[in-house]
Amino acid sequence: MELTVWGIITAIVVGLIVGALGRLVVPGRQNMPIWLHLLIGVGAALLGTVLARAIGIATETSGVDWAELLVQVVVAAIAVALVAGVGRRRHVTR
């Protein structure tokens, strides 16, 4: 994989979309700013690509690699749920 300026720009744009999708996939309300969701999405896009290649999903396609995108969205949803859960206060109500 060659790292180019367009490759980095594409990764950021895909990451922003993945972050927004990750927010939509997680049920309930997350008390997080949208910029944090988008930042998580950029990280999830990178990690999702690494995971997709590790499990053998094709690296070169002639269009959108839907399987890789699905892995990225799942990683983003897990990350959003974890970060939203860490920030949530847990207390017992009577």
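For clarity, every value in this text was computed on a predicted model and none was experimentally measured.
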Cluster overlap I17 with V73, hydrophobic side-chain contacts below 4.5 Å: yes
Joint hydrophobic cluster, L70 plus V50, side-chain heavy atoms closer than 4.5 Å: no
Where A79 and I40 come nearest, the two heavy atoms and their spacing: CB-CG2, 3.4 Å
For the student: nearest non-hydrogen atoms of A44 and Q72, plus distance: CB-O, 3.9 Å
